[in-house]
Undergrad: 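Attaching a single structure in structure tokens format; questions to follow.
Every chain is numbered from 1 and lettered A, B, ... according to where its sequence line falls, protein lines coming before strand lines. These numbers come from the heavy atoms of this one structure, side chains and all, not from hydrogens, waters or symmetry mates.
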Protein chains: 2
Amino acid sequence: MARQKRTPCPETDALGAKLGKTILRLRTADRLSLGDLSGMSGVAKSMISQIEKNETNPTLATLSRLSQALGTSVEAVLGANEEQTALVEHSQPQDIPVLHSEDGLCKLRIIGFIDTVQWVQWYDFTAEPNGILESSAHPNGSIENLSVLTGKLEVSVNNDVWQVKAGETLRYHADFDHSIRNIGDITAHATMVNILAASIRPQS
Amino acid sequence: MARQKRTPCPETDALGAKLGKTILRLRTADRLSLGDLSGMSGVAKSMISQIEKNETNPTLATLSRLSQALGTSVEAVLGANEEQTALVEHSQPQDIPVLHSEDGLCKLRIIGFIDTVQWVQWYDFTAEPNGILESSAHPNGSIENLSVLTGKLEVSVNNDVWQVKAGETLRYHADFDHSIRNIGDITAHATMVNILAASIRPQS
DNA sequence: CATGAATGTTCTATATATAGAACGATTGAA
DNA sequence: TTCAATCGTTCTATATATAGAACATTCATG
């Protein structure tokens, strides 16, 4: 015997509601009728109707077929946030914060600070010869990406040391104290991109 | 009467397989038994077992409850790509793909291509005077960020045109056809970062 | 006004996702 | 050895997700 409880858990329900709206939005944006999308995806149009109204609890398979037909992925459809912030932003130099290393030889311009996306930030990094930038550990599981445009840098994390020169990219875990030093004899220039772990996985 | 065809579509099947591995990985990483996770999530342990082996086709509701119990979101669980990435990666210049514009005057070096994180990519962009780079629309809701290091560029999206010069950053929606042109008389150099819409999501 | 071809909705029958129980395998302690 | 506990698997019954058909509505065009 199997007893089954109806489980309209609020979290899940909200997820389904958002999903339905997203599907509807994508479908109408492409000017597709239920029948069209049904034909393209192989999902019954009755199903699509119910999904859009959050009257059912779709299966991974149907979600996969639907998002494929809509040209996206299941993750994207589920994660899609419809805030249609149709904004364009133009930052002037004086708006961009600049950090300096303790020795005054390195400069870190924080370019990519977007309040809507906290888990990725990027910087323009320059260092005079022998300049060293010391960073304490970033939030759990962050990954730092250093792409050197000109010059030669040395990166130390924990007890490991690597060298990176112009044209190369180094990617390393930044949830330890780490430092970057200019070991060349010219000004070094690099693009640094930090990705926070929140977007990958809440740590084990 | 309802005829129903079993549809083990390869795409969907692969997604399910990946999902199963991810669930298993997260569960064991937290040292949870099937029973533990079942108790925490409210999903029958038999279901979890079948999901991990991709012998069933879970519902959005169960995925939601499971990922909640594991401390993540459905998107993250589905999007989680493959195993623990190598701790460190060092890309040489020859590993980095380079795109050229049709007129041959612009160069786009794809620096930040991480297979584990599909929602952010960045590029090193250079353009000779008058060079123009035309891009077709990116996936739904992408945002493109252009930080000019040297020179002066003009960005056209839809019918809007903006100018950006050294030190400035322009941020615009890239889900339309758009183009970037060097309107200065020296080689322009910029860092371009693209963020896909899938990532616009609060909380971790 | 018809009449048809679209649209989205509700109905109905079946395949299947799911919960719970029963099972077998492993471990550890008395 | 026993016994008990705990693991993952497999079985079974039911709730339900799904496909397909029937239905309802709009909107053309004659």
Undergrad: Do A:Thr191 and B:Thr191 have a side chain donor and acceptor closer than 3.5 Å?
TA: yes

Undergrad: Any side-chain N or O of A:Arg27 less than 4.0 Å from the OP1 or OP2 oxygen of C:dG8?
TA: yes

Undergrad: Does D:dA17 have its OP1 or OP2 closer than 4.0 Å to a side-chain nitrogen or oxygen of A:Arg65?
TA: no

Undergrad: Enumerate the residues from residues 36-46 of chain B whose closest heavy atom to DNA chain D is under 4.0 Å, giving them by residue number; use none for an empty result.
TA: B:Lys45, B:Ser46

Undergrad: Report yes if at least one side-chain N or O of A:Thr56 is closer than 4.0 Å to OP1 or OP2 of D:dA17; otherwise report no.
TA: yes

Undergrad: From the options D:dA17, C:dC11, D:dT9, select the nucleotide whose nearest atom is closest to the side chain of B:Thr59.
TA: D:dA17

Undergrad: Grab the CD1-C1' distance between A:Ile48 and C:dT10 for me, whole Å please.
TA: 16 Å

Undergrad: Please report, rounded to the nearest Å, how far the P atom of D:dT18 is from the CD atom of A:Glu55.
TA: 13 Å

Undergrad: In whole angstroms, how far is the P atom of C:dT10 from the CD atom of A:Glu52?
TA: 13 Å

Undergrad: With distance as the sole criterion, is a donor-acceptor pair present between the side chains of B:Thr187 and B:Glu128 under 3.5 Å?
TA: yes

Undergrad: Mind calculating the distance between CD (A:Gln50) and C1' (D:dA19) to the nearest angstrom?
TA: 11 Å

Undergrad: Calculate the interatomic distance between B:Leu60 atom CG and D:dT18 atom P; express it in whole Å.
TA: 10 Å

Undergrad: If you compare all heavy atoms of B:Asn130 against all heavy atoms of B:Asp103, which two are closest, and at what distance to 0.1 Å?
TA: O-OD2, 4.1 Å

Undergrad: Testing B:Asn182, B:Asp124, B:Thr150 for side chain to side chain donor-acceptor pair (under 3.5 Å) with B:His189, which one passes?
TA: B:Asp124

Undergrad: Ignoring backbone atoms, test whether B:Ser33 places a side-chain nitrogen or oxygen under 4.0 Å from the OP1 or OP2 oxygen of D:dT6.
TA: no

Undergrad: D:dG8 P sits how many Å from B:Met47 CE, rounded?
TA: 16 Å

Undergrad: In plain terms, say whether B:Lys21 and B:Glu52 are close enough for a salt bridge, that is, a side-chain N and a carboxylate O under 4.0 Å apart.
TA: no

Undergrad: Once you round it to whole Å, what is the distance between P of C:dT10 and CG of A:Leu34?
TA: 12 Å

Undergrad: Rounded to whole Å, how long is the line connecting atom CD1 of A:Ile51 with atom P of C:dT10?
TA: 15 Å

Undergrad: Reckon A:Thr62 has a side-chain N or O less than 4.0 Å from the OP1 or OP2 of D:dA17?
TA: no

